Number of protein chains: 2
Amino acid sequence: MSRPTVNDIAKAAGVSLATVDRVLNQRPGVTEKTVGRVNAAIDQLGYVRDVTAANLARQRRYRMTFVLPETPVLFVGTLREAIAEAVRGSASDRTDVRIVTFPADNPHALVRALRTISRANTDGMAIFAPETPHVRDAIARLKADGVPIVALVSDLPNTDRDHFVGIDNVAAGRTAGLLMGKFHGRQPGAVMVLVSSMQARDNVERRLGFDRIMAERFPRIEVLPSIEGHDNDDVTARVVNAVLDNRPDITGIYSIGHGSRALLDLLRARMAPGTLSVVAHELTKVTRDALKTGMFDAVISQNVGHIVRSAIRVLRAKSDGVGIVPSQERIRIEIVVQENLP
Amino acid sequence: MSRPTVNDIAKAAGVSLATVDRVLNQRPGVTEKTVGRVNAAIDQLGYVRDVTAANLARQRRYRMTFVLPETPVLFVGTLREAIAEAVRGSASDRTDVRIVTFPADNPHALVRALRTISRANTDGMAIFAPETPHVRDAIARLKADGVPIVALVSDLPNTDRDHFVGIDNVAAGRTAGLLMGKFHGRQPGAVMVLVSSMQARDNVERRLGFDRIMAERFPRIEVLPSIEGHDNDDVTARVVNAVLDNRPDITGIYSIGHGSRALLDLLRARMAPGTLSVVAHELTKVTRDALKTGMFDAVISQNVGHIVRSAIRVLRAKSDGVGIVPSQERIRIEIVVQENLP
DNA sequence: ATTGACATGAGGTACGTACCTCATTTAGCT
DNA sequence: AGCTAAATGAGGTACGTACCTCATGTCAAT
């Protein structure tokens, strides 16, 4: 029941080992007819390359590059930590990981950062960045050189990226809306929606999902227009307090962005836990604290450890030309409440 | 920059390769003094065995045995499917997986099944079974022979098992209770609790957690004594219908067990979606259907794919004497509602 | 000094694959 | 038939580790 080896292929195809190697690795010097015979033997015997033996022979390293925004947003910090942890856990499997960052508000810096990444220093890239023409071009360049690309957290649907590792943000917004509606109860009320930036695709998609389900299933709850906090604590505090001052009928808050301390602080200063229904996104130190103390009711989350490991797995598989286990690489929309905090 | 090899250890310790091999693999014929020198060199250079190269040299296979109950319970079916999927995905990494089953209601058959498992045919065992003295003995026997053991889904805390792969069921019950309370709203009411069997540890623990949080946070909701469905559709239908007939003030149902079709069918026959708040456990074909159609409000779930992969990873790591990534092997209590169905 | 037991070293093969070199064979053209 | 270019084969080394054999060295006892 042992696995066929290159020697078995050589015998079955009636050729030498050198010819098998040439066919397997697309090296020149083999006629089409012979290529056919070797490939037939490969199919017939169900040969699958032993990637670990090949990596040993080749001294293969997998150089993965993660491109991340530099931002005070805590969620990105959790991503960085997850990458650091993955690096520690992968020391023994030939994977080298580096992080390339760009200031979140500087598209030129992003362009410059992407320029430093090439086939010469990267075997796979995972990128969390907005979709711009420059990003599209950089991805096309790398792909043309055979570098697999994973879009991380926020999809880049109009690029040639190989895979998206993240959640469906429309569905995440719908999930948030369903919970808000159910937590809210049957009385009428108004829900404030706080976003980081309406430019960010994930914020837009989440709001879309939220609006849909609130309209479909909880029409007695008024959903207010989005207010933007720009991932800035002072701005957030100002705009949220303004709404709370002007709308005493507010019964819930949906925080769409990647989480900030300001919202938690101002809620703490104004009211007791449980006064409003609060649903937020992403599990960070702040949202953990808020869940524990009852200031937030639920956090819609994605497992950053899983995301990072998945990105690495997918990039390696693409590099090796082998398949992935689709269910393993599917990132789930997680609902976290006080009692199931991981 | 490159990883030290056994040749580097030999040089640093001033001994031959054969001596390094003897020390690394605890072979006889080396003085304590020389062992010390070699181990010092290992520590100094930070040598880590290349397990994939060693496996190639040894033609190593990892023979994993999963011990599962035979039962109509759908959750166990999802476990089996997850194992089958993991087997397909692990064809290339030397892991052989087999399943040994025992009838769920037959402890003697379990004993017999465990007798067939030994160091001679197994390199690691994952077991989902009740904790009995016989199970304890079998685990002790296998452990004495160096076979690592993982308790699957239901912990075996009074055995020598190496690791538990599953969720904290008390916390799962608390999570269910929190959701039930929040979905329920502020009015008084009564919640029925349906269990598979009060003998099963996970059922007991979940009920414990549920009771605690209902008493702590939702004292206006009355929690009824458990009714047992014994994982039997006819029994379940009878006992649940009896309660619903006798208690028109029932406002919620908490289904603790591993899920059955009967509950869904009878609710369908009696009422429109959303009439009662229903919280159940485990994601199966039935509970998926119930969530999609709005008959159930939430399902507290554990990701069986993750569980199986985790068990295999942990057993392999134990076999190799290497560490695990704790956060990767932590199984989360997942909350699934209509909108975040995976 | 001699002998015996144990420790250690040297050298070799093996695993599956990658990659290289050079000799031999084959096929096509003149 | 002879020549040339391309295809193919044979043989070798390499990767890191496992595992084996046998020769050599060391040490203690007689």
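Reminder, nothing fancy here: chain letters follow the sequence lines and each chain counts from 1. Keep in mind that what you see is a predicted model, and the values were worked out from it rather than measured.
- Here B:Lys11 pairs with nothing under the side-chain hydrogen bond (donor to acceptor under 3.5 Å, both in side chains) rule; sequence neighbours left out.
- By the salt bridge (charged side-chain N to carboxylate O under 4.0 Å, His left out) test, A:Arg80 is found to be paired with no residue, residues two or more places apart in sequence or in another chain being considered.
- Looking at residues two or more places apart in sequence or on another chain, you find a salt bridge (charged side-chain N to carboxylate O under 4.0 Å, His left out) between A:Arg136 and A:Glu131.
- What separates CG of B:Leu17 from P of D:dT17 is a distance of 9 Å, to the nearest Å.
- Applying the salt bridge (Lys or Arg N to Asp or Glu O under 4.0 Å) test to every pair with at least one member in residues 116-126 of chain A, sequence neighbours left out, gives these pairs: A:Arg63-A:Asp123, A:Arg119-A:Asp123.
- For B:Gln302, the side chain to side chain contact (heavy atoms under 4.5 Å, CB included) partners two or more places apart in sequence, or in a different chain, are B:Phe75, B:Val153, B:Ile167, B:Arg206, B:Glu282, B:Ile307, B:Ile331.
- Qualifying side-chain hydrogen bond (donor to acceptor under 3.5 Å, both in side chains) partners for A:Thr31, counting only residues two or more places apart in sequence or in other chains: A:Thr34.
- When rounded to the nearest whole Å, the span between CG of A:Asp8 and C1' of C:dT17 equals 13 Å.
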For nucleotides 13-16 of chain D, give me every protein contact, N/O to N/O, under 3.5 Å, one pair per line with atom names.
from, atom 1, to, atom 2, distance (Å)
D:dC15, O3', A:Gln59, NE2, 3.0
D:dC15, O2, A:Ala57, N, 3.3
D:dG16, OP1, A:Gln59, NE2, 3.2
D:dG16, N2, B:Ala53, O, 3.2

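- Partners of B:Arg22 by salt bridge (charged side-chain N to carboxylate O under 4.0 Å, His left out), not counting sequence neighbours: none found.
- For the residue pair A:Leu56 and B:Ala53, the shortest heavy atom distance occurs at CD2-CB, 4.0 Å.
- B:Val15 comes within contact range of the sugar-phosphate backbone alone, with a heavy-atom separation under 4.0 Å but no base atom that close.
- Near DNA chain D, defined here as any heavy-atom distance below 4.0 Å, the residues from residues 21-43 of chain A are A:Arg22, A:Gly29, A:Val30, A:Thr31, A:Thr34, listed numerically.
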